[in-house]
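Structure first, commentary second.
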Amino acid sequence: MAQNKESIVTQLQAAKHKSGKSYNQLAEETGLTNVYVAQLLKRQAQLKPDTAHKLQAALPDLPEDLVHEMMRPPLRSYDPNLIQDPTIYRLNEAIMHFGESIKDIINEDFGDGIMSAIDFYCSVDKVKGLDGKDRVVVTFDGKYLPHTEQKCEHMVSRTRPLEKQ
């Protein structure tokens, strides 16, 4: 499929719109998180063969050629202008504001390391606050990855003698 990403995303969003289903409904039908479904339909994640039939059942107007395109590794990218969207700006602001404290707690609880954004789950949920008003819950669920001490003896490329040139 020799289409650009924008064209593909437009077609994927049209199939979702035609279905009349929300990301939450599609997530329930496919067994994926709502954010992962959105990532699939934005070509930010790869559709796996075991899930393709579930997505096709949930979106019956999804063309077969698009399903095959979704199964190819995507170009995971973003438009730098997205930061201008108020929701995205506020999410970024929240991470920037709370990030240092979150990092300290990760280091305190786990040690020197990071949260993976590869082995990672994300979801968005709607709950009622104590005041009865709607609240947004964004969950980041990432694998902990410890930083390693870089010992030469553990470096595979250094465990064999270096060839002289």
Side-chain angles (χ1 to χ4, degrees), residues 1-99 101-103 105-106 109-110 113-130 132-147:
M1 178 174 273
Q3 299 179 44
N4 68 26
K5 184 174 180 176
E6 184 178 341
S7 171
I8 292 167
V9 169
T10 298
Q11 293 175 70
L12 292 171
Q13 293 297 313
K16 176 191 175 289
H17 180 74
K18 188 172 182 181
S19 77
K21 296 178 182 177
S22 68
Y23 287 118
N24 286 334
Q25 289 170 311
L26 294 171
E28 190 172 313
E29 291 180 36
T30 58
L32 302 170
T33 67
N34 55 5
V35 173
Y36 196 80
V37 171
Q39 290 288 89
L40 285 170
L41 298 180
K42 295 283 188 183
R43 277 304 280 137
Q44 291 289 93
Q46 182 182 24
L47 179 63
K48 304 298 183 187
D50 291 347
T51 306
H53 70 280
K54 294 176 187 176
L55 186 62
Q56 286 177 295
L59 294 173
D61 291 317
L62 189 61
E64 190 70 31
D65 61 334
L66 282 181
V67 171
H68 288 294
E69 178 63 26
M70 293 173 75
M71 292 171 68
R72 296 181 49 198
L75 172 61
R76 291 173 176 92
S77 61
Y78 68 94
D79 178 351
N81 292 321
L82 283 175
I83 196 70
Q84 295 175 15
D85 177 86
T87 302
I88 295 169
Y89 179 85
R90 291 293 182 230
L91 285 168
N92 186 63
E93 181 181 50
I95 295 298
M96 297 305 290
H97 181 74
F98 292 99
S101 298
I102 292 168
K103 178 208 178 306
I105 293 168
I106 289 171
D109 288 353
F110 294 90
I114 63 170
M115 179 180 66
S116 173
I118 302 296
D119 189 342
F120 184 85
Y121 297 85
C122 184
S123 63
V124 177
D125 296 291
K126 179 180 177 180
V127 298
K128 290 284 184 198
L130 295 177
K133 294 181 180 173
D134 289 340
R135 299 189 64 83
V136 177
V137 178
V138 179
T139 302
F140 287 176
D141 179 347
K143 178 182 178 181
Y144 172 71
L145 300 172
H147 288 290

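Residues: numbered from 1 along the sequence shown. Just the heavy atoms: all of them, side chains too, but no hydrogens, waters or symmetry mates, feed the values below.
In the displayed structure, Y121 atom OH is contacted under 6.0 Å by at most 12 heavy atoms of other residues, nucleotides or ligands. By the neighbour-count criterion of 12 heavy atoms within 6.0 Å, atom CD of E28 is sparsely surrounded, having that number or fewer from other residues, nucleotides or ligands. Other residues, nucleotides and ligands contribute at most 12 non-hydrogen atoms within 6.0 Å of the CZ atom of R135. Within 6.0 Å of CG on D50 lie no more than 12 heavy atoms contributed by other residues, nucleotides or ligands. Counting heavy-atom neighbours within 6.0 Å of H97 NE2, excluding the residue itself, gives a total of 12 or less.
To the nearest 0.5 Å, atom CZ of residue R90 and atom CD1 of residue I88 are 13.0 Å apart. Note that CG of L41 is 5.0 Å distant from CE of M70, once rounded to the nearest 0.5 Å. With rounding to the nearest 0.5 angstrom, the CG atom of D119 is 14.5 Å from the OH atom of Y144. Put simply, OG1 on T33 and OH on Y23 are 12.0 Å apart, with the number rounded to the nearest 0.5 Å. To the nearest 0.5 Å, atom CG of residue N34 and atom CG of residue L26 are 10.0 Å apart. In this structure, I8 CD1 and R43 CZ are separated by 6.5 Å, a value rounded to the nearest 0.5 Å.
The closest side-chain heavy-atom distance from P74 to Q44 is not below 4.5 Å. Annotation: side chain of K42 is in contact with side chain of Q13 (closest heavy-atom distance under 4.5 Å). Within the 4.5 Å cutoff, the side chain of L62 has heavy atoms near those of the V67 side chain. The side-chain heavy atoms of I114 and I106, taken from C-beta on, include no pair separated by under 4.5 Å.
A side-chain donor from one of H68 and E64 sits under 3.5 Å from a side-chain acceptor of the other. Looking only at atom types and distance, the side chain of Q25 has no donor-acceptor partner in the side chain of K16 under 3.5 Å away.
When all heavy atoms of A45 and L40 are compared, the pair lying nearest together is O-CD2, 3.6 Å. For the residue pair S77 and K5, the shortest heavy atom distance occurs at OG-NZ, 3.2 Å. The two atoms that bring V35 and C122 nearest to each other are CB-O, 3.3 Å, heavy atoms only. Between F140 and I95, the shortest heavy-atom contact is CE1-CD1, 3.9 Å. Heavy-atom minimum distance, V37 versus T30: CG2-OG1, 3.8 Å. The two residues P80 and I83 have their closest heavy-atom pair at O-CG2, 3.4 Å.
In this structure a side-chain-to-backbone donor-acceptor pair under 3.5 Å is present from K21 to A58.
The only option from V127, V124, T87 that meets the side-chain contact (heavy atoms from CB on, under 4.5 Å) definition with V136 turns out to be V124.
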